[in-house]
2 protein chains.
Amino acid sequence: MVTERVSSLAKALEQEIIVGLLRPGERLDETSIAERFNVSRTPVREALRHLSSIGLVELRPRRGAVVASPGLKDLLEMFEVMAELEGMCGRLAARRLSERGRTELRQLHERSRVFVDDGDSDGYYEANVAFHEAIYQGGQNRFLADQTRRIRNRLAPYRRLQLRRRNRLAESFAEHDRILHAIMDGNEQLVDELLQAHVTVQGGSFTDFIASLSAELDQRVAG
Amino acid sequence: MVTERVSSLAKALEQEIIVGLLRPGERLDETSIAERFNVSRTPVREALRHLSSIGLVELRPRRGAVVASPGLKDLLEMFEVMAELEGMCGRLAARRLSERGRTELRQLHERSRVFVDDGDSDGYYEANVAFHEAIYQGGQNRFLADQTRRIRNRLAPYRRLQLRRRNRLAESFAEHDRILHAIMDGNEQLVDELLQAHVTVQGGSFTDFIASLSAELDQRVAG
DNA sequence: TCAATCGATATTGTATACAATGATAGCTTT
DNA sequence: AAAGCTATCATTGTATACAATATCGATTGA
């Protein structure tokens, strides 16, 4: 993307935000970050600006940077768009996935079964990412894949909770199964619907979903 | 978005790129830009980084910045995504547009008729932007509107040629007319199809479209 | 006791200085 | 004459210095 130091800084900070080490609303002091990474403020500022441009950080003029903490309305809007893009990836994959890609997707899905059986949610998390990533690839549209991934990452802090829900692993696996078959059948319409539901409602009721988002938001305000 | 000087710098440069003053592939020398705007290199670098993050500029490590010049494949990918998002805006607008918004959209469309009759393509360009902007608004999803606008701007340099085509004004107006009616009828499916076709094929044949993109690309390489 | 104002301090925004690397031109060699 | 190498130069990357502004606490007054 860019120069060495700045890009690794940006990646490190992005990862900390995605993983939840840096939580929404948290202050991002230029000097502290500079000291923490042993660099001057200059590359830190450039990294922060990049993160701001992709929506992970909010830059308030003369008042510093904070981890972006979108309101409930913002989140719903972002989920709506993410669902559309994930659905589009699925549709394109159903149409364009190569024979090799199909085999790979099937294998990825099969391999994720063990994590469900073991109740290994971290392991499943990785497998889940790989599954979706394979669908992105299958769409044969790198730009679309980038955009989708970007929104996905931006929403990551608010999706984590969802994944810890009871039975979520089995539910997710079952959904993946249906998605996989729809892709294999080339049923674009169905893939679209299944994927959209998969990434938004996340197996629970929509009300639960909203409630969990609200909870996350309250937590932020309280913190 | 950000601090005063940097953001105005970014906006100025973005505008120059969109309008075509700065052409794809053109070098963006930090020092020259700094001198041109009477600032130091620091804010220039930050502005360039922002533009890079939103895809308008390419930052090659230690080799400077250039106006992004995507290849044909990249362009097709971006058009594919833009079409999807414009279509989504239309679908949402068909579902959510308020009575006031509907009236406004109708008025905007009616007002654009004069530009067609006068053959005033610059005037129509503005009216066209306003028409689409009204649809964005109508979707009631600010995030989606931002994303769509962003891609639209990014593709602006490659859409300009299209708009100068013979008869394009009348064609575009006719398409807007169909889109408007579909929105008024709440026919989401139809709006989607019409808008996708409208923003990609642009009234001509798809082959013509590709050809014009290739031409633009060749021009870039030659320059 | 509380609110408001003013000043000290911390932090951001910008400029400049320095370091490091890529580009270029001239020279050498075959 | 052409290709490769080297030294110089231009440009980017980073650090530091300085300027400007927001934050926060103390003080004052009601």
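Letters A, B, ... are given to chains in the order of the sequence lines, protein chains preceding strands, and every chain is numbered from 1.
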Checklist outcome for this item: Hits for salt bridge (charged side-chain N to carboxylate O under 4.0 Å, His left out) against A:E30, two or more places apart or cross-chain, chain-then-number order -> A:R41, A:R45
Checklist outcome for this item: Residues passing the salt bridge (charged side-chain N to carboxylate O under 4.0 Å, His left out) test with B:R96, sequence neighbours excluded, are A:E80
Item to check | Considering all heavy atoms, the nearest B:D192-B:R91 contact | outcome: OD2-NE, 2.7 Å
Checklist entry - Partners of B:F131 by ring pair (Phe, Tyr, Trp, His ring centres under 6.0 Å), sequence neighbours excluded? => result B:H109, B:H176
Checklist entry - Looking at residues at least two apart in the chain, or sitting in another chain, which of them share a ring pair (Phe, Tyr, Trp, His ring centres under 6.0 Å) with A:F143? => result none
Quickly work out the [X] [atom1] to [N] [atom2] distance and round it to whole Å.
X: B:I33; N: C:dT14; atom1: CD1; atom2: P; result: 16 Å
X: B:E46; N: D:dT14; atom1: CD; atom2: P; result: 13 Å
X: A:L28; N: C:dA10; atom1: CG; atom2: P; result: 20 Å
X: B:R60; N: C:dG22; atom1: CZ; atom2: C1'; result: 11 Å

Name the pairs: protein N/O against N/O of nucleotides 5-9 of chain D, kept only if under 3.5 Å.
none

Checklist entry - Looking at residues at least two apart in the chain, or sitting in another chain, which of them share a side chain to side chain donor-acceptor pair (under 3.5 Å) with A:R27? => result none
Checklist entry - Partners of B:Q147 by side chain to side chain donor-acceptor pair (under 3.5 Å), sequence neighbours excluded? => result none
Checklist entry - Which residue pairs pass the salt bridge (Lys or Arg N to Asp or Glu O under 4.0 Å) test when at least one of the two sits in residues 134-144 of chain B, sequence neighbours left out? => result none
Please set out all donor-acceptor pairs under 3.5 angstrom arising from side-chain atoms of residues 101-108 of chain A, sequence neighbours excluded.
residue, atom, partner, partner atom, Å
A:R102, NE, A:L97, O, 3.4
A:R102, NH1, A:M184, O, 3.3
A:T103, OG1, A:E99, O, 2.9

Might you list the N or O atoms of the protein lying below 3.5 Å from N or O atoms in nucleotides 15-18 of chain C, with each pair's distance?
residue, atom, partner, partner atom, Å
C:dA15, OP1, B:R5, NH1, 3.2
C:dA15, OP2, B:S40, N, 2.6
C:dA15, OP2, B:S40, OG, 2.8
C:dA15, N7, B:T42, OG1, 2.8
C:dT16, O4, B:T42, OG1, 3.4

Next on the checklist: Is A:R45 close enough to C:dG13 that one of its side-chain N or O atoms is under 4.0 Å from OP1 or OP2 there?
Outcome noted: yes
Next on the checklist: So, using side-chain contact (heavy atoms from CB on, under 4.5 Å) as the criterion, who are the partners of A:V39 when residues are at least two apart?
Outcome noted: A:R5, A:L9, A:F37, A:P43, A:V44
Considering only nitrogen or oxygen atoms on both sides, find all protein atoms under 3.5 Å from nucleotides 19-23 of chain D and state each distance.
residue, atom, partner, partner atom, Å
D:dT23, OP1, A:R63, NE, 2.4
D:dT23, OP1, A:R63, NH2, 3.1

Checklist outcome for this item: The single option from B:L22, B:I18, B:L56 that satisfies side chain to side chain contact (heavy atoms under 4.5 Å, CB included) with B:L13 is B:L22
